[in-house]
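What you see is a predicted model; the values in this text were computed from it and never measured.
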Amino acid sequence: MDAHLPLRPVLSRASRPLTVEIPAVDEHGTTVPTPIAGEHPLTLYVDKREIVTLMTLGAAPEALAIGWLRNQRLVKSLDEIAAVQVDWEVDAVAVTTRGGLHEADEKLGSRTVTTGCGQGTVFGGLMDEIDQVRLPHGRHLKQSTLYALMEAVRHHESIYKQAGAVHGCALARATPDGCKILMFFEDVGRHNAVDAIAGQMWLDGVGGADKIFYTTGRLTSEMVIKTAQMGIPFLVSRSGLTHMGWQIAQKIGLTMIGRAQGRHYLLFTGADRFERD
C-alpha cells in the first residue's frame, strides 16, 4: 500500500467464470472442446439511477464499476461510495453513494463515444479539462525495466492464452532486479480492463506516481487520459497509437512507448524521461 486507505465501501464478491467450453470442429473434422472468453452485460445503477451498460468478462465487476465512475470523474474519492453490489441474476451492479454523483446531470448529458473494442465513453467534456491533469515530475524509466516488464507480461498467465478475444492491462513497478506486475486485469474491451485497474487502485490505496501502465490495446486519447488521471507517468503498449493520443501525451508530459514486444519498441513521447542502459 502506498496511500492512506479511505473508508472502504461494502462490496459483493461476484466474479463470473472467465471462460466457458464449447465444441468446435477443427480442420480435420474432429470435434475439439474449446475454451472461449465469457461476455456478459452489466448495467450500472448509481443511487437507483441507470447510468450505462458495460459488456464485460465479469472478472472483477466491483472494481470495474468503481473504476468506471472514477475515470468518468463522477466520484472524486473512494470515500464517496458506500456500497457496490453485483447481481448476475439481473445483470446489474448497484452503487450507493454517500452524497450523490458530482455534477451528474451536466456530465451525463455531455458524452463522447470513443473508438475501440467495447466502445469507451468520456462524459462531461473531459477533453476540455486535460490542462488540469498533473503528472509527477522527476520520474524516469530505464530501458532494462521496460524489457523486464515485457518479459513479465509475456509469462503472465492469462485468459488470452487460453481463449483469446480479450484485452489485458497491467499495473507494474520497477524493482532493483527488474519489474513487478502488481495488478493484471483482462476484459472483452480494453476500456474495461483499465477501469478495473483504476478501481482496484482505489480499493487497495495504491498511488500511480512510481508505476508503469501496460496495455495490449491501442494508445488512443482515452487510454492516455485515463492513465494520466491515475497519476501514472509511463504508458506502454504492444500496439500502436493515434494522433490525438500522441498529442495529449506530449501536452501532459506522459512517456508513451508503443509496439513493444520482445526487445523492440518505439518511444513516441518523453525521451527526456527514458534512460537507456
Closest approach of [X] and [Y], non-hydrogen atoms and distance?
{"X": "G38", "Y": "L57", "value": "O-CD1, 3.2 Å"}
{"X": "D47", "Y": "T97", "value": "OD2-OG1, 2.6 Å"}
{"X": "A260", "Y": "V236", "value": "CB-CG1, 3.9 Å"}
{"X": "P9", "Y": "A83", "value": "CB-N, 3.9 Å"}
{"X": "A196", "Y": "A63", "value": "O-CB, 3.6 Å"}
{"X": "A24", "Y": "T34", "value": "CB-OG1, 3.6 Å"}

To the nearest 0.5 Å, what is the distance between [atom1] on [X] and [atom2] on [Y]?
{"X": "Q229", "Y": "L135", "atom1": "CD", "atom2": "CG", "answer": "10.5 Å"}
{"X": "L219", "Y": "F213", "atom1": "CG", "atom2": "CZ", "answer": "10.0 Å"}
{"X": "W68", "Y": "K226", "atom1": "CH2", "atom2": "NZ", "answer": "9.0 Å"}
{"X": "I22", "Y": "T31", "atom1": "CD1", "atom2": "OG1", "answer": "11.5 Å"}
{"X": "C169", "Y": "M223", "atom1": "SG", "atom2": "CE", "answer": "4.5 Å"}
{"X": "R49", "Y": "L44", "atom1": "CZ", "atom2": "CG", "answer": "11.0 Å"}

Are [X] and [Y] packed together at the side-chain level, in the sense that at least one heavy-atom pair is separated by less than 4.5 angstrom?
{"X": "H40", "Y": "M55", "result": "no"}
{"X": "V20", "Y": "I36", "result": "yes"}
{"X": "C179", "Y": "Y147", "result": "no"}
{"X": "I212", "Y": "Y214", "result": "no"}
{"X": "S15", "Y": "V86", "result": "no"}
{"X": "M183", "Y": "F185", "result": "yes"}
{"X": "F274", "Y": "L146", "result": "yes"}
{"X": "V32", "Y": "V25", "result": "no"}

Quiz item: Any Lys/Arg nitrogen of D195 or R70 sitting under 4.0 Å from an Asp/Glu carboxylate oxygen of the other?
Solution: no
Practice problem: Quick one: do Q250 and M256 satisfy side chain to side chain contact (heavy atoms under 4.5 Å, CB included)? Show the steps, please. | Solution: CA-CA 9 Å; Q250 282 193 310; M256 186 164 64; over 6 Å; no
Quiz item: Is it true that the NZ or CZ of R259 lies under 6.0 Å from the centre of Y265's six-membered ring and within 45 degrees of the ring axis?
Solution: no
Exercise. Quick one: do E80 and K76 satisfy salt bridge (charged side-chain N to carboxylate O under 4.0 Å, His left out)? Show the steps, please.
Key: CA-CA 7 Å; E80 299 176 15; K76 294 182 179 179; over 6 Å; no
Self-check item: Single-linkage hydrophobic cluster Y45~L69, side-chain heavy atoms < 4.5 angstrom
Solution: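 Different clusters: Y45 never reaches L69 through Ile, Leu, Val, Met, Phe, Trp or Tyr contacts under 4.5 Å.
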Taking the side chain from [X] and the backbone from [Y], do they hold a donor-acceptor pair closer than 3.5 Å?
{"X": "W246", "Y": "L241", "result": "no"}
{"X": "D204", "Y": "V206", "result": "no"}
{"X": "T53", "Y": "L42", "result": "no"}
{"X": "S237", "Y": "T215", "result": "yes"}
{"X": "T56", "Y": "L54", "result": "no"}
{"X": "N192", "Y": "D187", "result": "no"}
{"X": "D87", "Y": "A92", "result": "no"}

Exercise. Walk me through it: do M230 and V194 pass the test side chain to side chain contact (heavy atoms under 4.5 Å, CB included)?
Key: CA-CA 10 Å; M230 292 184 284; V194 65; 3.6 Å; yes
Would you mind telling me which of [options] makes a side chain to side chain contact (heavy atoms under 4.5 Å, CB included) with [X]?
{"X": "R173", "options": "L182, L149, T145", "answer": "L182"}
{"X": "E62", "options": "V84, V10, V93, L203", "answer": "V84"}
{"X": "I225", "options": "T220, I248, I252", "answer": "I248"}

Quiz item: Between L235 and T255, does a side chain to side chain contact (heavy atoms under 4.5 Å, CB included) hold up when you go through it step by step?
Solution: CA-CA 6 Å; L235 174 60; T255 299; over 6 Å; no
Quiz item: Among H167, R238, R190, which one satisfies side-chain hydrogen bond (donor to acceptor under 3.5 Å, both in side chains) with T216?
Solution: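 By the side-chain hydrogen bond (donor to acceptor under 3.5 Å, both in side chains) criterion, T216 pairs with just one of H167, R238, R190: H167.
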Quiz prompt | Residue pair E222, H191: steps toward the side chain to side chain contact (heavy atoms under 4.5 Å, CB included) verdict | solution = CA-CA 8 Å; E222 187 173 10; H191 298 289; 3.0 Å; yes
